[in-house]
Structures are given as structure tokens and as C-alpha cells.
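These notes are about the structure you will find just below.
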Amino acid sequence: MEYKRVGVLGGGQLGRMLAQSASLLTIPISILDVGHSPAKHVVHPSTSAHIDGRFSDPEKILELARQVDVLTVEIEHVDVAALERAQKETGVSVHPAPSTIRTIQDKFLQKQHLISHGIPVAESVAVDSNEEALRAQCTRFGLPLMLKSRTLAYDGRGNFVLRSAEQASEALQALKDRPLYAERWAPFTKEIAVMVVRSRSGQVLSYPAVETVHKENVCHLVFAPLRSADPAIAERARKVAEDAVRTFEGAGVFGVEMFLMPDGSILVNEIAPRPHNSGHYTIESCHTSQYTNHLLAILGLPLGSPALKVPSAAMLNILGVSASFTPIAELVNVALTVQGATVHLYGKAESRKGRKMGHITIVGSSDAEVRSRLRPLLAALPPDPQ
Ligand code: ATP
Ligand code: MG
Ligand code: MG
């Protein structure tokens with residue numbers, strides 16, 4: 001079997017899990033990132049040709065493009081002009097399309113794009129970075145007001161919640177020098193995510209809807225499938241997610257984050273043009289993982305089934321507590337004794353508070369079983385600071 005070579009901008013955990021899936025199929029993969037980043041650990045150096053450099057460096061992108069057939073990304077914060085130039089100069093395919101990454105990487109452009117295609121989102125407006133404009137926006141949208149950086153946002157770093165107009169100066173200080181927009185507060189009852197895969201010919205398949213639980217803006221837990229008294233909600237979420245992904249060009253997996261509103265309606269929060277934290281569970285829980293389907297999609301191969309192959313699953317992120325690896329090791333030691341639990345560590349050289357260091361997927365024959373298997377893991381987490 002000989003597959004085309006895939007190049008990935010970014011060598012973090014998402015690139016690592018892509019490389020793990022690629023290795024199962026002997027798909028050759030080259031990672032562009034600095035040093036011996038997590039994704040580069042997976043493939044033996046003699047069978048791959050990774051590039052040492054910043055994935056923001058246009059020359060390095062060109063170097064990668066010259067040695068692969070298809071370029072993809074594990075992060076949307078990339079230099080789209082450099083991707084377009086590499087595409088033009090080398091003829092490499094880029095998936096998803098650079099235009100898709102450009103729209104998505106500016107969260108306000110992304111919102112406007114979704115609105116123009118009739119996808120439901122929270123009302124949003126660009127705001128000038130001055131106190132007067134912010135205070136006026138508090139009056140218009142009411143409080144709390146969600147202020148967001150348009151670009152380079154992740155893990156909530158780029159969001160500021162104004163609980164009073166008096167916080168305008170604090171908000172500007174926190175998000176200084178960043179282009180901003182404001183969102184109407186969404187008093188959601190749950191956060192839902194759906195992974196969607198789109199083939200090169202435009203076929204769109206969705207994974208089951210899942211519940212995501214965030215702690216301090218970082219994904220903490222995922223439950224699959226969505227627990228809900230009304231099964232129509234999960235189907236609605238999948239439909240909204242599929243419709244949203246159909247509006248973008250190019251192949252690959254997309255992570256669609258959504259809010260379930262008190263009236264049962266669904267709003268799209270944001271879309272990631274790549275595999276997503278809320279889809280890690282698919283590795284052990286679905287017939288085809290998000291990573292395998294991303295590779296199949298961008299290589300123009302037939303997609304695999306996204307259906308669940310277990311009745312119930314959960315995913316717990318392993319976040320750094322401090323520079324010490326001890327709390328992580330303690331949690332992992334517990335997880336290794338729990339039936340149905342699979343530990344993934346990303347091999348990051350340094351631990352920092354809040355840094356994604358690994359995750360644990362738990363599968364079981366029922367939601368109740370998954371909950372009971374999760375319990376000792378939650379008990380092994382370091383206590384929240386009071
Ligand atoms: P990610 O790491 O997922 O890319 P991000 O930095 O892009 O995160 P968002 O997803 O925009 O940030 O927001 C982070 C969290 O803040 C959401 O998961 C949700 O809990 C909350 N949030 C975002 N927008 C709103 C809103 N309009 N109303 C209420 N809560 C919101
Ligand atoms: Mg985001
Ligand atoms: Mg988000």
C-alpha cells in the first residue's frame with residue numbers, strides 16, 4: 001500500500017494523534033514545528049521527514065509543501081498567505097481550504113460568515129478598543145457582556161466577561177492591542193459539540209453530539225453521547241453542525257462548539273477547522289476516530305463510520321497543575337487501574353498550570369457505568385483552589 005504524504009503545520013497533541021492514526025495505516029506524515037514536539041515522537045525519524053522550525057515561518061511552510069502531497073493544520077492560527085503561496089508554487093493540496101482557515105481564524109469574520117449562511121449564532125458586533133465604545137455596547141447588549149479577541153484566541157485566553165460597564169478599562173487592559181468584538185451573553189443550559197467530517201467531494205458526516213464541560217474556559221470533561229431527556233436535541237445539534245460545515249470549503253474534520261439554550265434552541269459558538277479536544281473520545285469510542293477520518297478526508301479516500309461503537313463514553317482532560325509532573329503521575333496511576341479507561345499522555349517536556357498534558361477516555365456499557373468508572377479519577381484530581 002502506498003499513500004500520499006501528509007504534511008502538518010503544528011506538532012502538538014492533535015498532530016500527535018493524527019500521526020498515531022497515520023502510523024496505523026502507514027500513511028507517511030511530516031510535521032513542521034520546533035524541536036522534538038509531541039507529534040514527532042510518534043513516527044520513527046528514518047521513516048519520516050519532519051521539519052524543525054516555526055509553523056509560522058513562510059520559508060519552512062514552503063519547505064514542507066515541497067516534500068508532501070497534502071498539507072493540513074492542527075491549529076487555525078497559521079499564516080494563510082504563506083499557505084496560499086506554498087499551494088501556488090508547489091501545487092500541493094491544502095485541506096481545509098486556506099480561505100476556510102482565513103475566515104475561521106478571525107472569530108468575528110467567522111460569525112459574520114455563519115450569519116450570512118443562516119446558521120444560528122449569538123448576536124455579535126465589532127467594537128472599538130476604547131472605554132466609551134465598550135460602555136455603550138454594555139447598554140446595547142446588556143450584562144454580562146462577552147468581549148472577545150477576534151484573533152489568536154484559545155482556551156478562553158482572549159475572552160473577557162464584563163459584569164458591569166465599570167469594567168471597561170479592566171477589559172481593555174486584559175485584551176490590550178487585540179482587535180475586539182462583543183457577543184451577546186448566551187445563558188446556555190449545556191455546551192454541546194459535534195465533530196463533522198467533510199470529504200474532498202463534499203460528503204458530510206457527523207459524529208454523535210456530546211456534552212462538553214468547561215472549567216475556567218478549558219474543556220474539562222466530555223460525555224458521549226449527549227445525555228438528554230429529549231433525543232431530538234442531539235439530532236438538531238448534528239444538523240446545525242453539518243449545515244455549518246457545509247458552508248466551508250475543503251476537506252477534513254471540523255469541531256463545532258454549540259450552546260443549548262433554555263428554550264431548546266441551538267447556537268453555534270465557534271468552529272475549529274481541524275480535529276478538536278471534544279473529539280478525542282472518538283479514538284476508543286467510535287468506529288473511525290476523528291483523526292483517521294481527517295486523514296481519509298484530506299487524502300480523498302472513502303470516509304469511515306463516525307458512529308459510536310460503545311454505549312457510553314467520557315473524556316477527562318489531564319491539565320498541568322504546576323511545573324511538577326507528580327499530580328499527573330498520581331492521576332495516571334489511578335486511571336491505569338480503572339477498567340474501560342485509556343490514558344493518553346502527550347509527551348510534553350514541561351508541565352504548566354492549565355496546560356493540556358494528556359487525556360483519559362473511559363468507555364462503558366451504560367452512562368451509569370461510565371460515571372462510576374470516572375469517579376475515582378475525579379477524586380484523584382488536585383482540589384480546586386478556593
Ligand atoms: P477554544 O479553546 O475552544 O478555542 P476560545 O478561547 O476560542 O476557546 P470561546 O470558545 O469563544 O473561547 O469561549 C470559551 C467559553 O466561554 C465557551 O466554551 C463558553 O463556556 C463561554 N462563552 C463563550 N461565548 C459565550 C457567550 N456569548 N455567552 C456565554 N458564554 C460564552
Ligand atoms: Mg476558539
Ligand atoms: Mg471554544
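Start at 1 and go down the list; that is how both ligands and their atoms are numbered. Here the structure is a predicted model, which is why all the values come from computation and not from measurement.
- The aromatic rings of H113 and F248 lie parallel to each other, with less than 30° between the two planes, well short of the 60° mark.
- Shown in contact with A186 at under 4.0 Å from a heavy atom are these atoms of ligand 1, numbered in order with element: 26 (C), 27 (N), 28 (N), 29 (C).
- When all heavy atoms of R184 and A122 are compared, the pair lying nearest together is O-CB, 3.8 Å.
- Under a 4.0 Å criterion applied to the non-hydrogen atoms of K107, ligand 1 contributes the atoms 5 (P), 7 (O), 9 (P), 11 (O), 12 (O).
- In this structure, F325 CZ and K348 NZ are separated by 10.0 Å, a value rounded to the nearest 0.5 Å.
- Nearest protein neighbour of atom 6 (O) of ligand 1, counting heavy atoms only, is G156 N, 2.6 Å.
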- Task: Test side chain to side chain donor-acceptor pair (under 3.5 Å) on H344 and E284 and set out the steps.
- Result: CA-CA 11 Å; H344 293 249; E284 288 83 14; 2.7 Å; yes
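- Contact annotation for R184 and ligand 1: only backbone heavy atoms (N, CA, C, O) come within less than 4.0 Å of the ligand.
- Checked against the Mg ion (ligand 3), the N, O or S atom of E270 at the shortest distance is OE2.
- Across the listed options E191, R157, H214, E191 owns the non-hydrogen atom lying nearest to atom 19 (C) of ligand 1.
- Ion pairing between a basic and an acidic side chain is recognised when a charged N comes within 4.0 Å of a carboxylate O; K60 and E63 show such pairing.
- Shortest contact from atom 31 (C) of ligand 1 to any protein heavy atom: M146 CE, 3.4 Å.
- For atom 16 (O) of ligand 1, the nearest non-hydrogen atom from the set T212, V121, V218, N217 belongs to N217.
- Between F259, F141, F188, Y154, it is F259 that holds the heavy atom closest to atom 25 (C) of ligand 1.
- Of the charged side-chain nitrogens involved, at least one lies within less than 4.0 Å of a carboxylate oxygen, so that E59 and R85 count as a salt-bridged pair.
- Coordination check, E257 versus the Mg ion (ligand 2): failed, since every N/O/S atom of the residue sits at 2.8 Å or beyond.
- The protein heavy atom nearest to atom 1 (P) of ligand 1 is E270 OE2, 3.3 Å.
- Closest to atom 23 (C) of ligand 1 by heavy atom, among K148, K215, E183, is K148.
- Both tests pass for R371 against the ring of F223: distance under 6.0 Å to the centre and angle within 45° of the axis.
- Of all the listed residues (D155, L147, N277, N159), N159 holds the heavy atom that lies closest to atom 13 (O) of ligand 1.
- Heavy atoms from other residues, nucleotides or ligands lying under 6.0 Å from NZ of K309 number more than 12.
- Atom 3 (O) of ligand 1 has E257 OE2, 2.8 Å as its closest protein atom, hydrogens excluded (heavy atom only).
- At a threshold of 4.0 Å, the pair D106-R102 does not count as salt-bridged, since none of the basic side-chain nitrogens sits closer than that to a carboxylate oxygen.
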